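From a predicted model like this one, the values you see are computed outputs, not experimental measurements.
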Amino acid sequence: MAAVLFDFSGTLFRIESTESWLRAALDEAGIALAEAELTRAALELERVGALPGGVAPRAPIPDAVAAVWGVRDESAELHRAAYTGLSRLVPLPDPALHDALYDRHMSPAAWQPYPDAGEVLRGLRERGIGVGVVSNIGWDLRPVFRAHGLDPYVDAYVLSYEHGIQKPDPRLFRTACTALGVEPRDVLMVGDDRRADGGAAALGCGVHFVDHLPAAQRPDGLRPVLGLVG
């Protein structure tokens with residue numbers, strides 16, 4: 001393999017818990033909630049799927065949000081509209097908290113790299129293998145990589161909202177291969193979503209899947225990648 005493409009959320013990084021997310025936004029706003037109320041609100045936010053990178057919605061998506069849900073990663077505006085639309089299904093003590101929650105999820109502090117992410121990215125760099133990040137996302141994740149010290153190991157970022165194309169569209173993977181100067185047949189795509197990340201196979205890329213688990217529950221899920229690239 002000449003290069004490896006990685007998904008972001010659920011592959012290299014994991015978002016904080018819904019409760020941690022809500023607690024951070026409340027603290028930033030200077031709003032205090034009783035623990036029972038905070039727990040209830042966090043559970044409701046999780047049920048509706050309001051945390052980007054968190055669990056998928058388990059409640060029906062309202063028509064107004066459903067209209068943009070399928071294309072939410074094609075622009076920053078659609079991404080914000082989709083997730084704040086879900087958040088607003090849950091009453092919070094201040095309506096401004098819905099945008100504050102969205103802003104919080106874009107901060108480096110909201111993300112934790114999987115324990116073996118640095119080791120694997122360094123190992124690829126040492127072998128001279130190119131690394132790209134291909135993500136369905138509505139905001140610039142580069143600051144997250146910089147804050148956690150992983151940016152030096154990434155050669156190219158291909159983000160859906162910057163191209164108006166979402167995985168599994170093969171064009172997004174083609175863009176990444178072109179940015180790295182490699183042919184798809186010499187590329188391995190690593191991700192947690194069999195539909196979205198599996199789209200790379202249409203170009204002839206190899207595909208390897210990891211489990212989207214909390215970071216503490218997946219300490220070495222990325223290490224097999226080093227064995228796959230030879």
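Within a 6.0 Å sphere centred on CD of E28, other residues, nucleotides and ligands contribute 12 heavy atoms or fewer. The local environment of CZ in R40 is crowded, with over 12 non-hydrogen atoms from other residues, nucleotides or ligands closer than 6.0 Å. A 6.0 Å sphere centred on CZ of R195 holds no more than 12 heavy atoms belonging to other residues, nucleotides or ligands. Dense packing is recorded around CZ of R127, with more than 12 heavy atoms of other residues, nucleotides or ligands lying under 6.0 Å away.
Taking 4.0 Å as the cut-off between side-chain N and carboxylate O, R142 and E162 count as a salt-bridged pair. Remark: R122 does not engage E126 in a salt bridge, criterion side-chain N to carboxylate O under 4.0 Å. With salt bridges taken as basic N to acidic carboxylate O contacts below 4.0 Å, none links D99 and R104. By the 4.0 Å N-to-carboxylate-O rule, E119 lies close enough to R223 to be salt-bridged with it.
Residues F209 and V225 do not share a hydrophobic cluster, defined by chaining ILVMFWY side chains whose heavy atoms lie under 4.5 Å apart. Note: the hydrophobic cluster containing L228 does not contain V187 (ILVMFWY, side chain heavy atoms under 4.5 Å, direct or indirect links). In the hydrophobic cluster analysis, where Ile, Leu, Val, Met, Phe, Trp and Tyr join through side-chain heavy atoms closer than 4.5 angstrom, L38 is grouped together with L92. No continuous path of ILVMFWY side-chain contacts below 4.5 Å connects V182 to V4, so the two sit in separate hydrophobic clusters. I129 and L188 fall within a single hydrophobic cluster, where Ile, Leu, Val, Met, Phe, Trp and Tyr side chains are chained together by heavy-atom contacts under 4.5 Å.
Side-chain atoms of H105 and W111 include no donor-acceptor pair closer than 3.5 Å.
Distance check, rounded to the nearest 0.5 Å: OG of S17 to CZ of R23 gives 8.5 Å. Note that OG1 of T39 and CG of L22 are 9.0 Å apart. Values are rounded to the nearest 0.5 Å. Of the inter-residue distances, the one linking R88 atom CZ with T84 atom OG1 reads 4.5 Å to the nearest 0.5 angstrom. To the nearest 0.5 Å, atoms CD1 (I165) and CG (L172) are separated by 6.0 Å. Taken from NE2 in H163 to CG in D73, the straight-line distance is 13.0 Å, to the nearest 0.5 Å. Residue L51 holds its CG atom at 10.0 Å from OG of S87, rounded to the nearest 0.5 Å.
Distance alone, capped at 3.5 Å, places no donor-acceptor pair between the D151 side chain and the F145 backbone. Not one N or O on the side chain of D155 forms a donor-acceptor pair closer than 3.5 Å with the backbone of G132. At least one donor-acceptor pair closer than 3.5 Å links the side chain of Y161 to the backbone N or O of D140. Here the side chain of D211 pairs no donor or acceptor atom with the backbone of L213 at under 3.5 angstrom. A donor-acceptor pair is defined here as one N or O able to donate and one able to accept, closer than 3.5 Å; such a pair exists between the side chain of R218 and the backbone of T11. Between the side chain of W21 and the backbone N or O of L101 there is at least one donor-acceptor pair closer than 3.5 Å.
Using a 4.5 Å heavy-atom cutoff, the side chains of V144 and P113 are not in contact. The shortest side-chain heavy-atom distance between S9 and I137 does not fall under the 4.5 Å cut-off. The side-chain heavy atoms of P170 and L203, taken from C-beta on, include a pair separated by under 4.5 Å. Put simply, the side chain of V133 does not reach to within 4.5 Å of the side chain of L5, judged on heavy atoms. At least one side-chain heavy atom of L222 sits under 4.5 Å from a side-chain heavy atom of L12. With contacts defined as side-chain heavy-atom distances shorter than 4.5 Å, the pair V210/F6 does not qualify. Put simply, the side chain of L86 reaches to within 4.5 Å of the side chain of P57, judged on heavy atoms. When side chains are defined from C-beta on, R80 does not count as touching R72, because their heavy atoms never get closer than 4.5 Å.
Shortest non-hydrogen contact noted between L141 and Y157 is CD1-CD2, 3.5 Å. The shortest non-hydrogen separation linking A82 to W69 is CB-CE3, 3.9 Å. Contact between A117 and L150 at its shortest, heavy atoms only, is CB-CD1, 4.3 Å. Considering every non-hydrogen atom in both P93 and L33, the closest pair reads CG-CD2, 4.0 Å. Shortest non-hydrogen contact noted between G198 and V207 is CA-CG1, 4.3 Å. Considering every non-hydrogen atom in both D197 and F173, the closest pair reads O-CZ, 3.9 Å.
Using cut-offs of 30° and 60° on the angle between ring planes, the pair H79 and Y83 is tilted. Under the 30°/60° scheme for interplanar angles, the aromatic rings of F13 and F8 are found to be tilted.
At least one test fails for R125 against the ring of Y153: distance under 6.0 Å to the centre or angle within 45° of the axis.
Paired with P214 under the rule side chain to side chain contact (heavy atoms under 4.5 Å, CB included), one option of R14, Q112, E16 passes, and it is R14. Each of D7, D193, N136 was checked for a side chain to side chain donor-acceptor pair (under 3.5 Å) with K167, and the lone residue meeting it is D7.
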(message) What verdict does the side-chain hydrogen bond (donor to acceptor under 3.5 Å, both in side chains) test give for T178 and R174, after you've listed the backbone C-alpha separation in whole Å, the side-chain angles of each residue and the deciding distance to 0.1 Å?
(response) CA-CA 6 Å; T178 299; R174 172 73 70 182; 5.7 Å; no
